[in-house]
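Okay, so here's the structure we're looking at.
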Amino acid sequence: MSFATLWESLLPIGRDGLSGGYRRFSWTPEDAACRAWFTRSAAERDLRVLTDSNGNLWAWWDPPGLAPGPGVPGGSKAVVTGSHLDSVPDGGAFDGPLGVVSAFAAVDLLRERGCLPVRPLGIAAFSEEEGARFGVACLGSRLLAGAIDPDAARALADAAGVTLAEAMAAAGHDPDGIGPDDGLLAAIGAYVELHVEQGRALADLGAAVAIGEQIWPHGRWRLDFTGRPDHAGTATLADRRDPMLPFAAAVLAARQAAAAHGARATVGKVTAEPGAVNAVSARVSAWLDARGPDERTLQAVVGEVLAAAREAAAGHGVELAAAPESVTPAVIFDPGLRERLASSLEAQGIRAPLLPTGAGHDAGVLAARVPTAMLFVRNPTGVSHSPAEHAEPADCAAGVRALATVLEDLACS
Ligand code: GLV
Ligand code: MN
Ligand code: MN
């Protein structure tokens with residue numbers, strides 16, 4: 001099956017008719033449709049599908065003659081590729097799905113080339129990578145790697161107050177079993193995630209694919225400003241305790257701190273309660289996403305934003321509660337694996353520069369437990385987390401070739 005056929009079979013799922021963006025949130029009917037697509041695509045390739053205790057999907061190509069699955073005594077460590085199928089609200093088609101579709105297409109290409117794996121080759125689709133529903137980025141891989149407490153994860157709630165435990169149960173997945181799976185991780189020798197680039201570096205370098213070098217440390221902080229609801233026409237300015245004002249100060253401080261430190265800070269989500277045009281708000285909740293080239297810079301940016309928010313809140317008689325929702329330290333991908341990718345690509349005449357990224361990935365979480373690498377595919381405008389996200393078909397094909405080359409080296413020899 002061609003890449004285009006596989007790609008187009010996934011495209012309609014969760015696409016919003018108005019924006020053209022994707023709304024694929026974990027444990028929803030759209031998520032179930034993505035899971036069914038994954039299972040179908042694996043079955044079409046005679047791959048064995050498993051859902052792990054955390055709701056991540058796995059499709060295994062078992063080497064002939066070896067007992068099935070990783071972790072089997074005598075079996076050698078598995079090579080895994082993949083990404084995620086969930087999206088941010090109105091996300092693009094490529095962020096996540098490109099890695100999963102390319103993984104299936106790479107299996108097709110390996111078979112065309114007559115390659116047989118000598119160790120288990122797995123394709124993974126991690127659950128809730130974007131944290132769009134429950135707030136914690138890379139939730140599925142974090143649970144697998146033991147990077148989040150299972151009780152805390154079960155209690156995470158979406159905007160409607162539905163907990164992760166309730167959402168999983170409603171979708172037919174037992175939430176009691178979530179948590180670290182050391183046996184599965186110990187059985188994986190390498191994880192290689194292919195992902196659309198979320199910046200313009202490859203377009204500027206004139207290359208179709210890159211090897212990931214590192215991920216900036218990054219995180220999300222929730223800020224709740226609580227004031228006093230009041231009448232927009234009659235409450236004097238002096239009498240108000242308006243939470244919108246320190247919120248606005250925090251947004252401006254975020255921009256200023258990011259610019260001063262060569263970092264990124266974004267407030268992309270905000271809610272105002274009760275949300276009346278003609279009333280001072282009772283509460284404003286905002287989410288700060290901050291990222292920096294190193295831990296010290298990130299801490300400096302977040303520290304400055306929180307200090308400015310506290311000062312403005314105090315000045316307006318507003319209470320402020322601020323807490324991190326998920327924080328991911330800096331990741332330097334495994335140098336040995338990176339070198340191995342570089343030499344296998346070079347041997348095939350594939351030019352792949354090294355790129356750092358400010359975007360988060362399941363590969364970044366797994367890197368704490370498993371040798372991990374990434375491949376990026378050129379995005380001509382660099383726009384991502386937007387319906388305008390794009391990669392040209394020729395570059396997607398180059399990505400599949402690069403991934404197949406790497407997998408052939410790692411799993412078939
Ligand atoms: C995921 O794409 C992130 O970087 O937030
Ligand atoms: Mn993303
Ligand atoms: Mn992604």
Side-chain angles (χ1 to χ4, degrees), residues 10 14 21-26 31 34 38 56-57 81-103 123-142 147 191-199 201 210 212 214-222 254 258 263-269 287-293 298 302 324-331 333 355-367 372-379 381-391 396 399 403:
L10 179 60
Y22 286 86
R23 297 178 182 185
R24 293 171 176 158
F25 307 135
S26 62
D31 183 62
C34 286
F38 183 94
N56 305 308
L57 293 167
T81 185
S83 192
H84 61 97
L85 295 171
D86 65 312
S87 76
V88 296
D90 279 341
F94 295 80
D95 177 357
L98 185 63
V100 181
V101 171
S102 298
I123 298 176
F126 291 102
S127 192
E128 178 94 3
E129 190 270 355
E130 300 287 6
R133 182 166 181 194
F134 292 103
V136 174
C138 300
L139 186 53
S141 55
R142 247 178 237 278
Y191 175 63
V192 181
E193 178 167 352
L194 178 146
H195 204 279
V196 69
E197 196 204 340
Q198 296 173 284
Q214 54 168 296
I215 300 181
W216 281 14
H218 58 282
R220 305 172 174 195
W221 286 260
R222 177 178 173 145
R264 308 274 191 279
T266 308
V267 181
K269 179 175 168 183
W287 283 261
L288 169 71
D289 178 306
R291 310 180 188 222
L298 177 61
V302 174
E325 279 199 334
S326 64
V327 181
T328 307
V331 171
F333 289 115
L355 279 191
T357 179
H361 300 285
D362 295 305
V365 172
L366 294 180
T372 297
M374 287 195 77
L375 291 171
F376 295 121
V377 172
R378 173 165 51 195
N379 173 343
T381 62
V383 172
S384 186
H385 284 181
S386 146
E389 181 183 82
H390 185 65
C396 295
L403 182 61

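Indexing begins at 1, ligand by ligand and atom by atom, following the structure's order.
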Report task. Quick one: look at R291 and ligand 1, take heavy-atom pairs under 4.0 Å, and tell me if it's side chain, backbone, both or neither. Result -> side chain

Query raised in the report: Atoms of ligand 1 less than 4.0 Å from G360 heavy atoms?
Result: 1 (C), 2 (O), 3 (C), 4 (O)

Query raised in the report: Is there a donor-acceptor contact under 3.5 Å linking the side chains of E325 and W287?
Result: yes

Report task. Would you please indicate if the ring centroids of F126 and Y191 are separated by under 6.0 Å? Result -> yes

Report task. Please confirm whether E129 comes within less than 3.5 Å of ligand 1 when only nitrogen or oxygen atoms on both sides are compared. Result -> no

Requested in this report: Using a cut-off of strictly less than 2.8 Å, determine whether D95 has an N/O/S atom near the Mn ion (ligand 3).
Outcome: yes

Report task. Would you mind running through ligand 1 and noting each atom that sits below 4.0 Å from a heavy atom of A359? Result -> 4 (O)

Query raised in the report: About how large, to 10 degrees, is the angle NE2 of H385, then the Mn ion (ligand 2), then OE1 of E130?
Result: 90°

**Report entry** H218 and ligand 1 - part of the residue with a heavy-atom distance under 4.0 Å
**Finding:** neither

Query raised in the report: Around R222, counting heavy atoms of other residues, nucleotides and ligands shown, do more than 12 lie under 6.0 Å from its CZ?
Result: yes

Query raised in the report: Hey, is there an N, O or S on H361 sitting under 2.8 Å from the Mn ion (ligand 3)?
Result: no

**Report entry** Exercise: do R291 and T266 side chains pair donor with acceptor under 3.5 Å
**Finding:** no

Query raised in the report: Taking heavy atoms and a distance under 4.0 Å, where does E130 meet ligand 1: side chain, backbone, both or neither?
Result: side chain

Query raised in the report: Side chains of Q198 and D95: closer than 4.5 Å at any heavy-atom pair?
Result: yes

